[in-house]
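See below for the structure under consideration.
Please read these numbers as outputs of a predicted model, since none were measured by experiment. Counting starts at 1 for both ligands and their atoms, following the listed order. Just so you know, these numbers use all the heavy atoms, side chains as well, and skip hydrogens, waters and symmetry mates. Each residue takes its place number in the sequence, starting with 1.
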Amino acid sequence: MSSHHDVVIVGGGNAGISLAAKLRRMGCRDVAIVEPKQVHHYRPLLSYVAGGLAAMDDLTREQSRCIPEGCTWYTDEAMAIDADRAVVRLSTGEELHYNDVAVCPGSRVDWDAVPGAWEAVGTTAAATNYLPEMAEKTWTMLSSLTAGRAVFVISDRHVPCAPVGLKPLFMAADHWRDAGVLDAIEIDLLVEAERLVNHDDADRELRAAAADYGVRVRTGARVEAVDAAARNLRVRTAGGSDELGYDALYVAPPHRAPEWVAESGLATAESDGFVAVDPGTLQHRVHPRVWGLGDVATVDTLPSGGALRKQVPVVAHNIAANRAGRTLRHYDGYSVAPVTTSRRELLLAEFDRDGRPQPTISTPDLVRPRRSTFVFDRYLEPQIYWHRLLKGNVS
Ligand SMILES: Cc1cc2nc3c(=O)[nH]c(=O)nc-3n(C[C@H](O)[C@H](O)[C@H](O)COP(=O)(O)OP(=O)(O)OC[C@H]3O[C@@H](n4cnc5c(N)ncnc54)[C@H](O)[C@@H]3O)c2cc1C
């Protein structure tokens, strides 16, 4: 079986649905989306589920309600892309021919990267909200701790919006303070990157907030292995290897691209299995009718939903410009990290790929933790996502 579509989009997550809607708004008549999942998650709220301030229902919609009108939806998985033949092959064996293809199946947790981590999150003493099915368990684990050591681990290997891994920490620490047990809990934060976030002022604010809760912060710290039975981590820092026990363990684990991306020849030696696009134009480095965006693409900045607000219009514009022989637009690497510093306040770090601040508004300074930004992130942003971003209202 085979069909033909003007544009085929692989992945109906934040990137794929927003791009499909944007292309439809721009007059593209024949857009197909390949997406196997029947539900769509607004993933930023997973942090609030892990912090006890949201439920899974708040972030879940039927995928059928998200697919933009007029698009063809294939409820299958893409297995391969043959860029020379301009074909996407589905798990059913069906082939979709395209004029242009946008590749955005996201990334996935790479449990193999940290031996023992998968076994650990199978116990009651460890959890991650990077898997939707474990987000509620994360809060159960954190909120039931009344004494001992809580360890929070944030990898820097392709983790989507990695600094938001700090949200469960700060919401839990605030809860422990309210519950009067903060003094009985030792909190260790192990961050693999050298900074908590790629923004000087925000990094300073977050370190100050951590100090206020008595959190011991170690950056440049890579967790090499977890011993689930002994509740123990092996950590490597510049100073050498160390062991650390835990009573509760939170992980923002390493991620990787789906294997079929490299098997389809869309990765390069440098791209670590991710879709090798020009980080400016988001056009594939070898195949000009292949585009990559979102967590799966080498966009050379922090992958985030906020970054997609800028990437989606660039890809939509560039597909048309490339066909017409016009100049392609460039994405400057804008990304964003909204981080709660308590159960009431949040700071917003916005920056480009060189860590230069790129605030959407200049006053007030959103890098200072505020109640208003917290309310925006928890309550307004989800509405903007469902009603504007997924409807292609991005420019
Ligand atoms: C816990 C958590 C908190 C976050 N918080 C924030 C935040 O506060 N702010 C922010 O800006 N960003 C945040 N992010 C990051 C943001 O959610 C991602 O950057 C964004 O979802 C990336 O969109 P995407 O479409 O590239 O990937 P995804 O949203 O992962 O979507 C990929 C889609 O592709 C589908 N797919 C996978 N494989 C195939 C295949 N073979 N064939 C077809 N379809 C396939 C999947 O089912 C999925 O629907 C957070 C992420 C997580 C996990």
Report yes or no: does Y42 have a heavy atom closer than 4.0 Å to ligand 1? no
I need the nearest protein heavy-atom contact for atom 29 (O) of ligand 1: residue, atom name and distance, please. N14 N, 3.6 Å
Pair H158-D272, side-chain donor/acceptor within less than 3.5 Å: yes
heavy-atom search around atom 46 (C) of ligand 1 in the protein gives E35 OE1, 3.4 Å
Considering the heavy atoms of C104, write down every atom of ligand 1 situated less than 4.0 Å from one of them. 32 (C), 34 (O)
Proximity winner for atom 51 (C) of ligand 1, if only heavy atoms of H255, R43, H40, K37 are counted: R43
Spacing of L206 atom CG and D203 atom CG [to the nearest 0.5 Å]: 7.0 Å
Distance from atom 31 (O) of ligand 1 to nearest protein heavy atom, with residue and atom: G13 CA, 3.3 Å
Quick test: of every protein heavy atom, which one is nearest to atom 16 (C) of ligand 1, and how far off is it to 0.1 Å? G305 N, 3.6 Å
Give me the atom names and distance for the closest heavy-atom approach of S47 to N129. CA-ND2, 3.3 Å
Supply the atom-to-atom distance I81 CD1 to W260 CH2, rounded to the nearest 0.5 angstrom. 4.5 Å
I'd like to know if R29 and D6 make a salt bridge, using a cut-off of under 4.0 Å between side-chain N and carboxylate O. no
Check if P36 has a non-hydrogen atom at a distance under 4.0 Å from any atom of ligand 1. yes
Is it the side chain (CB and beyond), the backbone, both or neither of N129 that lies under 4.0 Å from ligand 1, heavy atoms counted? both
Less than 4.0 Å between a side-chain N and a carboxylate O, is that true for D200 and R195? yes
I need the M171 CE to T341 OG1 distance, nearest 0.5 Å. 10.5 Å
Can you name the atoms of ligand 1, numbered from 1 with element, that are less than 4.0 Å from a heavy atom of G294? 26 (O)
Which ligand 1 atoms are under 4.0 Å away from a heavy-atom of W260? 41 (N)
Side chains of Y48 and D377: is there a donor and an acceptor less than 3.5 Å apart? yes
Would you call the rings of H97 and H4 parallel, tilted or perpendicular if under 30° counts as parallel and over 60° as perpendicular? parallel
Can you pull out the closest protein heavy atom to atom 13 (C) of ligand 1? Residue, atom name and distance to 0.1 Å, please. C161 CB, 3.5 Å
Part of L46 within contact of ligand 1 (heavy atoms, under 4.0 Å): side chain
Got the closest protein heavy atom to atom 25 (O) of ligand 1, with its distance? A15 N, 2.8 Å
Between H41 and ligand 1, which residue portion shows a heavy-atom distance shorter than 4.0 Å: side chain, backbone, both, or neither? neither
Can you confirm whether more than 12 heavy atoms, excluding those of E133, are under 6.0 Å from its CD atom? yes
Do the charged groups of R177 and D174 touch, with an N to O distance under 4.0 Å? no
Nearest protein heavy-atom contact for atom 52 (C) of ligand 1: which residue, which atom, what distance? Y130 CE2, 3.8 Å
What part of V296, side chain, backbone, both or neither, has a heavy atom within less than 4.0 angstrom of ligand 1? neither
Option set D377, D295, V34, criterion heavy-atom distance to atom 22 (C) of ligand 1, minimum: D295
Examine the proximity of ligand 1 to P44 and report which part, side chain or backbone, both or neither, has a heavy atom under 4.0 Å away. both
For atom 32 (C) of ligand 1, state which one of S107, G11, P105 supplies the nearest heavy atom. P105
Is any side-chain N of the basic residue among E186 and R216 closer than 4.0 Å to the acidic one's carboxylate O? no
May I ask which of Q38, R108, E77 has a heavy atom nearer to atom 38 (N) of ligand 1 than the others do? R108
Which segment of E381 sits under 4.0 Å of ligand 1 when only heavy atoms are counted: neither
Note: ligand 1 atoms sitting under 4.0 Å from heavy atoms of S47 are 3 (C)
Measure from NZ or CZ of R43 to the centre of the six-membered ring of Y385 and say whether it is under 6.0 Å with the direction within 45° of the ring axis. no
If the threshold is 4.0 Å, N to carboxylate O, is there a salt bridge linking D58 and R378? yes
List every atom of ligand 1 that sits less than 4.0 Å from any heavy atom of L308, numbering the atoms from 1 in the order shown and giving each element. 22 (C), 23 (O)
Ring-plane angle category for W386 and H40, please: parallel below 30°, perpendicular beyond 60°, tilted otherwise. perpendicular
Quick one: does I319's side chain get under 4.5 Å of C28's, heavy atoms only? no
When you look for heavy atoms under 4.0 Å from ligand 1, do you find them on the side chain of S304, its backbone, both, or neither? both
Closest to atom 40 (C) of ligand 1 (judged by heavy-atom distance), picking from A80, A337, A78: A78
Atom 27 (O) of ligand 1 has as its nearest protein heavy atom G106 CA, 3.5 Å
